[in-house]
Colleague: 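The structure that follows is given in the form of structure tokens.
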Amino acid sequence: MKAKLILFCLLFSFALQAQEKEYNLITQNYSYGLSFLDIADSYLSPLRYDGDALRFQRESRQFFRDRTDLSSYNSFLLMGGSATNPANTAVMMLASMNLGYGIHYHFYLNDNMRILAGGIWDFDLGFKMISRNVNNPANLDLATNLNLSGIFRLLIPTSKRTMLLDVSIQNPFIGCMFIPENGATYYEMFTIDSSQTKMFHLSSLHNRVGYKAGIAFCFPLKKTTWRAQFNYQNLRYTANNAFYLRNELSFSIGCSYDIYRFSGRTDKAPENFNSTND
Amino acid sequence: MKKAWIIGLILIGTFSSCIDEPVPFENTYQGNFDALWTIIDTRYCYLDYKNINWDSIRTEYNARLNTVGNNIELFDLMAEMLAELKDGHVNLTSSFDRSRYWNWYTDSASHYNSSLITSERYLSNDYRIAGGFRYKAIHGGRIGYMYYGDFSSAFSAGNVNNIFKLFSACEGLIIDVRNNGGGSLGYSEQLASYFFTEERTTGYLRHKKGDGHSDFSDYVSIKTPSGSPQWDDRPVVILTNRMSYSATNDFVNRMKQCSNATIVGRKTGGGGGLPLSSELPNGWTIRFSASPMYDSNKQHTEWGIEPDYYADIEALGDGYDGIIEKAIDLIMQQWQ
């Protein structure tokens, strides 16, 4: 009897451990969109260029281990498009990539409202090109910034589903950016000698100001959670007496997934998960 | 936390006012004229060197603006104003015309005749073509001759290696860059490199750092590397005329530093300013000299480079290119 009681307690304790294991899911958002651009790049032209671009973005967010109030965030954005000058006599081709990594603290206001606050460090790489220009046909966009980031999140439960509304804002705070002198050619900077050209500049609120604001709405259907997003970016920056501006209004649509990665020896998938590796 | 966000937003609002967008020029006759004048005033690099009073030029041409009745007349007025700069690197381009200043060669005799180059005495019709070069051993096979008409024409080290091999028994080499209006500085450096046994500073460059007419950076050394294949110490003669311009001018400047090279012909056309582009509110493009290039003594090359020997194409009469013949004489004298 005593042996049976001990065996029962052991079995019960194992069962309890299995029930207590929690999984920190990775929430991944994939979206494709269209942007409307307003660009100024005084190295290439004194005029503002208007155009559009296509964009693809992947974001993911995951709580840190054993935390439900601190999450990591990373993002990848690709964009490419074209813009024209007001007289429609020149075309600016442009492409860019942005990588971001951030951490947010989650404040739970109530069951359905959260505020996420933190920072995102991002890296921008891109180029703009006006092919009819001589010796200054292209300019590099290169910058890295620490951005302040805040998100207001509202969960909207209904009888059938819980929808999600995110209102976000990011502001560049400090970083470094590449801005050539308007009188220097890339031939001089990268072929001859760059010692007489100040190219890299500390960026902060005195010379790089703007914000990225977004509204995203997630709507779960049967097996897919759809995500629609509006973003607006207003960014202006200056160095070397040069002025740069980027206004972007974009609309994206995509999907949101919650996934978990099982891998290795200690984080194997439970037996009722079927893997093609088995 | 809330206070930190409010303070942050206030800071951002405050500092955003420090970044003012330049006030754009209007797309009117006056606005486009002012834009053009300002671009040249703040970014053209030769106003002081050429002693050009750009302010008085503005006064003179602005006074005529009220006579302009259409875009063509506006273009012509602006083109006339730009001609005051006397610079072949300055062009205003619209959808219907491109302004240019060509007096630097139209005011001089050409000293080049393409029909003569391809006559029996020189290239004939059995010359070879490699990259942008037309070449053949002339003067009884004793002198290698290569014509390069455009520094935008690509060539490879392999092309030049084959040319040098064909000329391996020649007593010297003639590189004819007459009527070569320029192109890529990269090709100028590359071609010159085949004649330098070691890297050498052959010129300098500065760029504008501010809006003032003489706001320049310090001098940046332009080096000519030692390239492969290498021409040996046999004499090399470069042929030039007034249409040897821009990148050709740069090539001639580099070869002036080459110990076994001689420049023969006429003074080059110059074009020592590295051009950049901008545009006007109406979408017209303006190309202008922005970075002055200098020789190894930090002297401007804008007005051209004097040859070591002046020669006249007509010196020896019909059927002879007097400049090529002078080059042949120099090579044969050095060989003897």
Side-chain angles (χ1 to χ4, degrees), chain A residues 40 42-48 84-90 105 107 115 117 130-137 148 150 169 171-173 180-185 187-189 191-198 204-211 234-245, chain B residues 1-2 4-5 8-9 11-22 24-25 27 35 38-39 42-43 45 89 91 93-95 184-186 189 203-211 215-223 274-285 287-288 290-291:
Chain A
S42 63
Y43 183 80
L44 297 177
S45 168
L47 305 179
R48 274 214 203 180
T84 55
N85 64 5
N88 272 321
T89 59
Y105 193 86
F107 296 91
I115 288 181
I130 301 177
S131 60
R132 73 175 189 173
N133 280 6
V134 168
N135 288 329
N136 60 328
L148 303 176
I169 188 156
N171 301 92
F173 185 65
E181 293 175 11
N182 276 355
T185 58
Y187 170 73
E188 177 191 341
M189 287 188 279
T191 304
I192 303 177
D193 184 347
S194 61
S195 63
Q196 295 304 318
T197 312
K198 191 171 179 211
S204 190
L205 300 176
H206 66 288
N207 64 356
R208 189 179 180 97
V209 182
Y211 61 89
N234 174 289
L235 180 67
R236 50 180 63 200
Y237 48 105
T238 181
N240 286 337
N241 289 325
F243 176 79
Y244 293 73
L245 175 141
Chain B
M1 184 71 192
K2 193 175 170 185
W5 276 104
L9 286 170
L11 278 173
I12 286 160
T14 305
F15 280 102
S16 66
S17 61
C18 299
I19 304 176
D20 294 322
E21 184 173 2
F25 291 99
N27 188 8
T38 302
I39 288 168
T42 56
R43 303 188 66 188
C45 64
H89 275 144
N91 306 100
T93 304
S94 68
S95 59
S184 162
L185 287 173
E189 177 189 299
Y204 295 89
L205 175 144
R206 296 199 289 177
H207 67 264
K208 289 212 68 195
K209 284 187 87 72
D211 293 346
D215 288 347
F216 290 105
S217 66
D218 281 342
Y219 293 94
V220 167
S221 299
I222 298 175
K223 294 181 168 47
L274 196 59
L276 288 178
S277 294
S278 186
E279 56 183 334
L280 308 185
N282 59 9
W284 295 351
T285 310
R287 186 180 80 145
F288 55 93
S291 295

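Not measured: the values here are computed from a predicted model. In what follows, chains carry the letters A, B, and so on, assigned in the order in which the sequence lines appear, proteins first and then strands, with residues in each chain numbered from 1.
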Colleague: Quick check on Leu276(B) against chain A: is it the side chain, the backbone, both or neither that has a heavy atom closer than 4.5 Å?
Modeller: both
Colleague: Is any side-chain heavy atom of Glu181(A) less than 4.5 Å from a side-chain heavy atom of Lys208(B)?
Modeller: no
Colleague: With chain B as the partner, which of Asn240(A), Thr191(A), Asn241(A), Thr197(A) has the greatest number of non-hydrogen pairs under 4.5 Å?
Modeller: Thr197(A)
Colleague: Provide the closest heavy-atom pair for Gly283(B) versus Asn85(A) in the form atom of the first, atom of the second, distance.
Modeller: CA-ND2, 3.9 Å
Colleague: With a 4.5 angstrom heavy-atom cut-off, could you sort out which part of Leu44(A) is near chain B: side chain, backbone, both or neither?
Modeller: backbone
Colleague: If you compare all heavy atoms of Glu279(B) against all heavy atoms of Ala90(A), which two are closest, and at what distance to 0.1 Å?
Modeller: OE1-CB, 4.1 Å
Colleague: Determine the option with the most heavy-atom pairs under 4.5 angstrom with chain B, choosing from Arg208(A), Lys198(A), Arg48(A).
Modeller: Arg48(A)
Colleague: Chain A heavy atoms under 4.5 Å from Ser94(B): which part of the residue, side chain, backbone, both or neither?
Modeller: neither
Colleague: Drop me the distance from Asn136(A)'s CG to Arg287(B)'s CZ, to the nearest 0.5 angstrom.
Modeller: 11.5 Å
Colleague: Among the options Asn282(B), Leu185(B), Ile222(B), Asn27(B), pick out the one with the most heavy-atom pairs lying under 4.5 Å from chain A.
Modeller: Leu185(B)
Colleague: Chain A heavy atoms under 4.5 Å from Asp218(B): which part of the residue, side chain, backbone, both or neither?
Modeller: both
Colleague: Drop me the distance from Asn182(A)'s CG to Lys209(B)'s NZ, to the nearest 0.5 angstrom.
Modeller: 12.0 Å
Colleague: Drop me the distance from Tyr187(A)'s OH to Ser184(B)'s OG, to the nearest 0.5 angstrom.
Modeller: 8.0 Å
Colleague: At what distance, to the nearest 0.5 angstrom, does CZ of Phe243(A) lie from CD1 of Ile19(B)?
Modeller: 7.5 Å
Colleague: Between Val134(A), Asp193(A), Leu245(A), which shows the greatest number of heavy-atom pairs under 4.5 Å with chain B?
Modeller: Val134(A)
Colleague: Do Ser278(B) and Ser45(A) come close enough that some side-chain heavy atom pair is under 4.5 Å?
Modeller: no
Colleague: Could you have a look at Ser291(B), Ser217(B), Ser95(B), Pro275(B) and say which one has the most heavy-atom pairs with chain A under 4.5 angstrom?
Modeller: Pro275(B)
Colleague: Any chance you could measure His207(B), atom NE2, to Ile192(A), atom CD1, to the nearest 0.5 Å?
Modeller: 11.0 Å
Colleague: Verify the distance criterion only: is there a donor paired with an acceptor across the side chains of Thr285(B) and Arg132(A) at less than 3.5 Å?
Modeller: yes
Colleague: Between Pro24(B) and chain A, with a heavy-atom cut-off of 4.5 Å, which part of the residue counts as in contact: side chain, backbone, both or neither?
Modeller: neither
